[in-house]
Every structure is written in structure tokens, then in C-alpha cells.
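Below: the structure, in C-alpha cells.
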Amino acid sequence: MTQHDAVEVIIAKRDGGELSDSQIDWVIDAYTKGVVADEQMSSLAMAILLNGMNRREIARWTDAMIASGDRMDFSGLSRPTADKHSTGGVGDKVTLPLAPLVAACGVAVPQLSGRGLGHTGGTLDKLESVPGWRAALTNTEMFGQLESVGAVICAAGDQLAPADKLLYALRDVTGTVEAIPLIASSIMSKKIAEGTGALVLDVKVGTGAFMKDVPRARELAETMVALGKDAGVHTVALLTDMSTPLGLTAGNAVEVAESVEVLAGGGPADVVELTLALAREMLAGAGRDDVDPADKLADGSAMDAWKAMIRAQDGDPDAPLPVARESHVVTAPSTGVLTRLDAMAVGLAAWRLGAGRARKEDPVQAGAGVVWHARPGDRVTEGEPLFTLLSDDEARFDRALASLEGGYDVAPAGTAYEPGPLVIDRIG
Ligand code: URA
């Protein structure tokens with residue numbers, strides 16, 4: 001590999017230049033090995049955030065991050081593979097019903113997930129509220145489970161794009177998360193290295209998402225779809241609303257419970273709609289659009305796959321879920337129509353109650369979270385419960401209440417409410 005100098009690479013990007021393939025290969029490799037220091041990489045990340053990267057640079061950056069670790073290969077499985085990745089939202093428990101649902105339709109789902117950081121929850125944190133369930137699997141266990149059950153949700157090993165692990169942690173503490181080239185390469189390096197045949201990206205837009213507006217979300221989606229297609233992965237993206245949180249719960253155990261309701265054929269309409277929309281895209285990408293996932297929710301086979309998936313990872317799907325020690329009810333301030341429920345306000349409240357973590361080594365509370373008793377468009381009655389806050393620690397309620405303040409509007413009864421679409425656009 002051609003040697004470069006970190007300062008020369010930083011200056012090239014600082015001054016608005018393009019990085020060469022060789023500079024990119026070197027800087028990622030050297031950073032992974034500890035030759036490029038954190039302060040140098042953080043300076044380069046800021047230069048990329050401010051000056052951007054073109055498609056060639058983003059593709060090369062992604063390839064270099066994939067090359068920093070191992071690539072998985074599921075081509076030996078007896079069924080096609082498809083995965084889904086969400087850019088992160090509040091109350092976004094969709095992976096939980098989706099993976100077993102798609103498995104029940106005959107497509108294997110190898111879902112290597114992370115833990116939550118900040119106000120968006122992590123899939124592994126949610127599943128860890130199921131008694132006994134374990135996130136760490138060996139590759140052999142993973143392959144075995146994909147053959148027998150068809151779905152695995154587990155922790156990504158240390159060797160899956162290790163450069164991204166280092167860089168993501170650095171970006172998190174240097175104000176450089178929101179750069180589209182860095183988000184796109186971070187997500188796609190992991191998904192391409194994971195070896196899925198088809199990939200559906202759920203790109204969230206709105207107050208509770210990284211991308212606050214549709215043009216930026218579309219740019220991120222188009223960048224990721226291009227990276228996936230170039231790597232031979234059948235990739236599509238849905239832009240979906242994240243100005244309102246999904247469903248009626250945000251937290252860990254409360255989101256598992258809501259997911260089980262969906263698998264039982266019930267659950268909130270928006271969670272069902274998004275789960276089915278993503279399942280249809282995954283099935284189409286894997287060449288199985290002859291199967292209707294709605295049938296598999298209705299006939300109980302998705303629930304059977306869920307139970308098998310939980311049991312295969314030592315969890316007990318029939319055990320009671322943990323319940324927070326303390327609860328606090330917020331009542332509706334007036335009678336009327338709930339016209340706004342802000343995803344960021346709810347996400348922050350759940351996080352402050354203990355459902356999320358501030359630093360990656362912090363523990364999370366399984367029972368903590370927020371339950372809301374109405375969605376925008378619903379009628380509410382003065383004095384009736386609007387939110388239930390849940391935490392093991394009563395002292396957390398004040399800060400959670402402060403984050404909900406100004407996060408919802410109740411308009412006089414009879415006020416018209418026009419919901420926007422949940423699925424805003426499709427890119428593929
Ligand atoms: N999720 C990721 O994996 N990486 C990012 O950069 C942002 C969200």
C-alpha cells in the first residue's frame with residue numbers, strides 16, 4: 001500500500017480537494033491500525049462534513065472500511081437472504097416483527113445489529129429485555145440458526161468493518177455524525193460486509209431522525225442505494241416519516257410487547273403498515289414477491305418464527321417481560337384532538353427515563369420507556385392519561401417531563417387533522 005501523510009490528506013480535504021483512491025485506502029487502514037491518531041481522523045471527518053465527498057470517494061471509502069475486516073458469505077444457505085436497515089427512529093421496533101415475518105415467507109434474514117446511542121433505541125437493547133436472550137453468536141451458530149429458523153438478530157462481531165466501529169465512536173463525540181458521505185459509508189460498509197443478497201433501507205425523515213428534511217434524506221438514500229448496487233446487493237430505500245414516533249411505545253420491553261402484538265395479528269396500524277411495506281420490499285429483492293406477508297401475520301406462522309428465533313438464542317418468548325419499578329402518568333391538558341406528537345421529544349424522554357444510554361458502556365433499563373395513549377388525529381379528554389412514563393428510578397421523571405414539554409399539541413374538538421404519508425418515497 002502506498003504510504004501517505006495524515007496531515008497531507010487532511011489538508012487536501014480541508015482545501016476542498018478530492019482524495020485519491022490511494023489516500024483513502026491508506027488513511028482507513030492506518031487509522032484502523034492506530035497509525036493515524038484520533039485527533040487527525042476527527043479533523044479529517046470534520047473536513048469531509050464541511051466539504052463533502054464525490055461518489056467515487058464515497059465508494060472507495062466504503063470499500064476501504066469493508067476491507068478493514070471480514071466479509072460474511074451466506075451463498076451456501078438453502079434460501080435467499082434479505083436484510084433491512086433503519087437509519088434510526090423513535091419507537092422503531094419494526095426489525096423485531098419484520099425478521100421473523102420475512103423468515104416465515106421463506107427468505108433468510110441475517111440481521112447484525114448494534115446497540116442504541118442517544119435518543120434512538122437499539123434493537124439488541126430491546127431484545128435483551130427478553131429473559132435469557134443473548135446477542136452474541138458465533139458464526140457457526142448464526143449459520144445454523146439461519147438454516148433452521150430463517151432469522152437471526154445478533155451483535156455484529158468485532159471483525160465486521162472494524163474501521164467503522166472506531167470512526168463511528170469518534171464521530172459521535174466530535175460533532176461529525178451528520179455528514180452524508182460518512183453516514184452512507186458507515187451503514188453500507190457493514191451491510192455489504194454482512195453479505196446479504198438484498199437490502200432494504202428505511203431512511204427516516206423528520207424531527208426524530210438524523211435527516212430532518214426530505215431533500216437530505218433523499219440524497220442519503222440515493223447515495224446508499226448506489227453503493228449497494230455497485231457492490232452487487234439488490235438495494236432499495238424507503239423514505240419514511242419520523243416526525244411522529246412509531247406505534248404507541250418507546251423503550252425496550254414495552255417495544256418488545258408491542259412487536260409481539262403485531263406478530264399476533266394486532267398492534268398499532270402504523271407499525272403494521274411499515275412492517276408489511278418493508279417485508280414486501282425484502283421479499284421482492286430476494287425474488288419471493290409471490291408470497292404475501294400479511295397472510296403470514298394472519299396465520300400465526302410469523303409468530304411461530306419469532307418464538308423459534310428467541311428460543312434459538314436462549315430466550316424464553318413466553319416469560320413475562322420486565323416491568324419498571326416506577327410509573328408516572330401525564331394527563332391531557334384539555335379535551336380535543338391530538339394534532340402533533342414530536343418524535344424527538346418522546347425519544348429524549350425515553351432516553352432520560354433510562355431506556356437509552358449516554359455513553360456506550362452505560363447499562364440500559366429493560367422496563368424504562370414512554371407509552372403514549374393517543375396518536376395524532378385521536379380524540380383526547382382533559383384529565384385522562386396521555387402518556388405513561390416508566391423508569392426504575394423516580395428521580396428521572398422530572399427531566400423526562402421537561403423533554404415532553406412543548407412536544408405535543410391538543411387542538412379544540414372538531415379541528416381537522418390531515419395525516420401525512422408514512423412511506424414518503426421509494427428509491428431503487
Ligand atoms: N448508523 C450507522 O451505522 N452509521 C452512521 O453513521 C449513522 C447511523
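Numbers for residues simply follow the sequence, beginning at 1. One-based numbering, in listed order, for ligands and for the atoms of each.
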Proximal protein residues to ligand 1, non-hydrogen atoms under 4.0 angstrom: Tyr168, Arg171, Ile183, Ser186, Ile187, Lys190, Phe210
Take atom NE2 in His234; do more than 12 heavy atoms of anything else shown fall under 6.0 Å from it?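 Atom NE2 in His234 is not packed in, count stays at 12 or less.
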More than 12 heavy atoms of other groups within 6.0 Å of Glu418 CD: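 No - once you tally the heavy atoms of other residues, nucleotides and ligands closer than 6.0 Å, there are 12 at most.
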Could you point out which residue of Val36, Thr2, Asp5 forms a side chain to side chain contact (heavy atoms under 4.5 Å, CB included) with Trp26?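 Exactly one candidate clears the test, Val36.
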Can Asp409 and Arg340 be counted as an ion pair, charged N to O under 4.0 angstrom?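 So Asp409 pairs with Arg340 through a salt bridge.
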Electrostatic pair Lys204:Asp202 at N-O distance under 4.0 angstrom: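 Result for this pair is yes, salt bridge flagged.
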From OG (Ser42) to CD1 (Ile10), nearest 0.5 Å: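 With rounding to 0.5 Å, OG (Ser42) is 8.5 Å from CD1 (Ile10).
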